[in-house]
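This is a predicted model, so every value here is computed, not measured.
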Amino acid sequence: MDNKFNNMLQEFLKNNNVKNIDEANEKLQEFIEMYNNGEIEYKNTPLDDAYEILEEAQNARNKKEAIKLAKKAYEKSPECFDAILFQCDLEENGIKKMKLLGDGLETEKNRLTKEKYFDQKNIGHFYGIFETRPYIRGLVVKAEYLLEEGKLRQAESICREVLRLNENDNMGARYLLMAIFATLEEENDMLKLYKKYPEETLEMLFPLFALYYKIGNDKKAKEYLNRVNKCNSNFVKLFNGSIRKNDKVIPGYYSRGDSSEIFMYLDRYGYLLITMPRLHEYVIENLMKNKKSHK
C-alpha cells in the first residue's frame, strides 16, 4: 500500500464516519470500487508529492540523477524517510552511509515522538502503522550495516529495539538476533528468543546448532543439526559439494527449504559462520554418517 493510496483510504473512511470493523469492511469494498473507477476526489499532500518524486528516483537513468531526486523528495517532505533509506542504499562509502542513516533515524524518531507515535498504545505494532513502517525498516538496515562492520553488540541493541517496537517482526530482526547470540555464545538470551518465536526454519535452528557446537554440547548440537537438515536438506549438500543454485528463484529472493535459502544464509550470516572454520568436517561426519546408518 503506497502513501497516497493509504491517505485516500483513511480520508474516505473518516468522511464516512466508520464506527466498527463491519462498517469498515463494507466501506473498504466501496472504496476499492470507486478507486478503480477513478471516482475518489483527493488532493495531493506534500508527502504524496515526495513519494512521486522518489518513484522518479527509483526509475532514474543513473545513480547521480537518482540521488538528486531522492534528496529533492526529502526536501519536499521530511516525512518521506524512505528517501533517506534510498540514498543509503546507493551510498558506497560506509562512513557516509552510517552518518546519513544515523542522522536520518534520529530526525525521524524525533518527528514520530512529537506526533505521538511513540505513545504506549503503539509500542509493539510499529510495522502495522503505515507512518512508522519506514522507521522500522531503517532500524533493520542499520543493524545489518553494523553487522557488516563487526559491531555485534550495537546491532544486538538495535534488533532488541525493533522487537520492542514491532513484536510481529515483519522484517526478521529476530533472525539477526539469533545469529548474534550464537556468535557471542549467549545461550540464555537465545533460548528466551526462541521460546517467543518457535519456528522450525533455517534462520532459527542453525544458530541453535551453532551455539551448542561452539560451547561443546555435542548432544544438543547433533539434535539441532538434524532439525536443520530436516527443514532444508540442501544444507548438507553445501558441505559435500553437491548443492546447486535454483535458477527459477529470482535473484535477491529465496524460498524456504530450497537451495536459495542456503545461499541467502551464507551471504547474510557470514559473521557467525566465520567463527566455525572446521564446521564442514562436523556436518559431513554427522549428517553423512546418519544417512549411511539409515540405509
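Cluster membership check: F263 does not share its hydrophobic cluster with V249, using side-chain heavy-atom separations under 4.5 Å among Ile, Leu, Val, Met, Phe, Trp and Tyr. In the hydrophobic clustering of ILVMFWY residues, with side-chain heavy atoms under 4.5 Å counting as a link, M264 and Y271 come out together. Clustering ILVMFWY residues whenever any of their side-chain heavy atoms sit less than 4.5 angstrom apart, transitively, puts V228 in the very cluster that holds V236. Connection of Y51 to I53 is not established within any shared hydrophobic cluster, with ILVMFWY side chains joined at heavy-atom distances below 4.5 Å, either directly or through further cluster members. Grouping the Ile, Leu, Val, Met, Phe, Trp and Tyr side chains by contacts below 4.5 angstrom, directly or via other members, places L266 with L272.
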task: Using the salt bridge (charged side-chain N to carboxylate O under 4.0 Å, His left out) rule, take E131 and R111 through it: C-alpha gap first, then chi angles, then the decisive distance, then the call.
output: CA-CA 11 Å; E131 291 79 3; R111 182 184 74 81; over 6 Å; no

Test log, rule side chain to side chain contact (heavy atoms under 4.5 Å, CB included), inputs V162 and V140: CA-CA 7 Å; V162 171; V140 173; 4.1 Å; yes

message: Applying side chain to side chain contact (heavy atoms under 4.5 Å, CB included) to L152 and E156, what does each step give before you reach the verdict?
response: CA-CA 6 Å; L152 272 68; E156 175 190 342; over 6 Å; no

- prompt: Passes side chain to side chain contact (heavy atoms under 4.5 Å, CB included), F118 versus Y135? Steps please.
  reply: CA-CA 12 Å; F118 272 87; Y135 181 72; 3.8 Å; yes

query: Run the side chain to side chain contact (heavy atoms under 4.5 Å, CB included) check on L273 and L279 step by step: do they pass?
result: CA-CA 8 Å; L273 293 164; L279 176 63; 4.3 Å; yes

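Side-chain contact between L147 and I180 is present, with at least one heavy-atom pair separated by less than 4.5 Å. Looking at R133 and F126, their side chains never come closer than 4.5 Å, going by heavy atoms from C-beta outward. You'll find the side chain of L163 reaches within 4.5 Å of the side chain of Y197, heavy atoms only. In this structure, the side chains of F86 and L90 come closer than 4.5 Å at one or more pairs of heavy atoms. With a 4.5 Å cut-off on side-chain heavy atoms, L211 and F181 do not count as touching. For the pair L85/L101, a side-chain contact is recorded, criterion being any heavy-atom separation below 4.5 Å from C-beta on. Taking the side chain as every heavy atom from C-beta outward, D218 and K222 approach each other to under 4.5 Å. Two residues are said to be in side-chain contact when any heavy atoms from C-beta on lie closer than 4.5 Å; Y127 and L165 fail this criterion.
Side chain of D258 to backbone of E261: no donor-acceptor contact under 3.5 angstrom is found. The main-chain N or O of N170 is never found under 3.5 Å from a side-chain atom of N168 such that the two would form a donor-acceptor pair. No donor-acceptor distance shorter than 3.5 angstrom exists from the side chain of K76 to the backbone of P46, with no hydrogens or angles considered. Of the possible polar contacts, none joining the S157 side chain to the Q154 backbone as a donor-acceptor pair under 3.5 Å is found. At distances below 3.5 Å, at least one donor-acceptor pair connects side-chain atoms of E91 with backbone N or O atoms of N93. Formation of a donor-acceptor pair under 3.5 Å by the S233 side chain with backbone atoms of N229 is not found in this model.
Residues K121 and H125 approach most closely at O-CD2, 3.6 Å, considering heavy atoms. What you find for E79 and E108 is that their closest heavy atoms are O-OE2, 4.4 Å. Contact record, A57 with A70: CB-N, 3.9 Å, taken as the closest heavy-atom pair. Pairing each heavy atom of P277 with each of I274, the nearest pair is CD-O, 4.0 Å. Nearest heavy-atom pair across E187 and I215 is OE1-CD1, 4.1 Å. Of all heavy-atom pairs between A83 and A73, the closest is CB-CB, 4.2 Å.
A salt bridge between D189 and R160 is present, with a side-chain N of the basic residue lying under 4.0 Å from a carboxylate O of the acidic one.
Partners of E65 according to the side-chain hydrogen bond (donor to acceptor under 3.5 Å, both in side chains) rule, which considers only residues two or more places apart in sequence or in another chain, are R61. Remark: D103 pairs with K99 by the side-chain hydrogen bond (donor to acceptor under 3.5 Å, both in side chains) rule, at least two apart or across chains.
Here CD1 of I136 is found 10.5 Å from CZ of F81. Values are rounded to the nearest 0.5 Å. To the nearest 0.5 angstrom, D49 atom CG is 10.0 Å from K72 atom NZ. Annotation: the span from R137 atom CZ to N166 atom CG amounts to 11.5 Å, rounded to 0.5 Å. Taken from SG in C159 to CG in L146, the straight-line distance is 9.0 Å, to the nearest 0.5 Å. Between E161 atom CD and K109 atom NZ the span is 5.5 Å, to the nearest 0.5 Å. Rounding to the nearest 0.5 Å gives a distance of 8.0 Å between CZ of R278 and OH of Y213.
Ring-plane geometry between Y212 and Y224 is classed as parallel, the angle between the planes falling under 30 degrees on a 0 to 90 degree scale with a further cut at 60.
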For residues 199-209, run the donor-acceptor check on the side chains, cut-off 3.5 Å, and write out each pair with its distance to 0.1 Å, sequence neighbours left out.
unit_1: E199; atom_1: OE1; unit_2: Y175; atom_2: OH; d: 2.7
unit_1: E199; atom_1: OE2; unit_2: R174; atom_2: NE; d: 2.7
unit_1: E199; atom_1: OE2; unit_2: R174; atom_2: NH2; d: 2.9
unit_1: E200; atom_1: OE1; unit_2: R227; atom_2: NE; d: 3.4
unit_1: E200; atom_1: OE2; unit_2: Y194; atom_2: OH; d: 3.1
unit_1: E200; atom_1: OE2; unit_2: R227; atom_2: NE; d: 3.4
unit_1: E200; atom_1: OE2; unit_2: R227; atom_2: NH2; d: 2.4
unit_1: E203; atom_1: OE1; unit_2: Y254; atom_2: OH; d: 3.1
unit_1: E203; atom_1: OE2; unit_2: R268; atom_2: NH1; d: 3.4
unit_1: E203; atom_1: OE2; unit_2: Y269; atom_2: OH; d: 2.5

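K245 NZ: 12 or fewer foreign heavy atoms inside a 6.0 Å radius. E55 CD: 12 or fewer foreign heavy atoms inside a 6.0 Å radius. Heavy atoms of other residues, nucleotides or ligands lying less than 6.0 angstrom from NZ of K214 number more than 12.
One side chain, D48 or T45, offers a donor N or O that lies under 3.5 Å from an acceptor on the other. Between the side chains of K237 and S259, no donor N or O sits under 3.5 Å from an acceptor N or O. Looking at N232 and N234, their side chains do bring a donor and an acceptor atom within 3.5 Å of each other.
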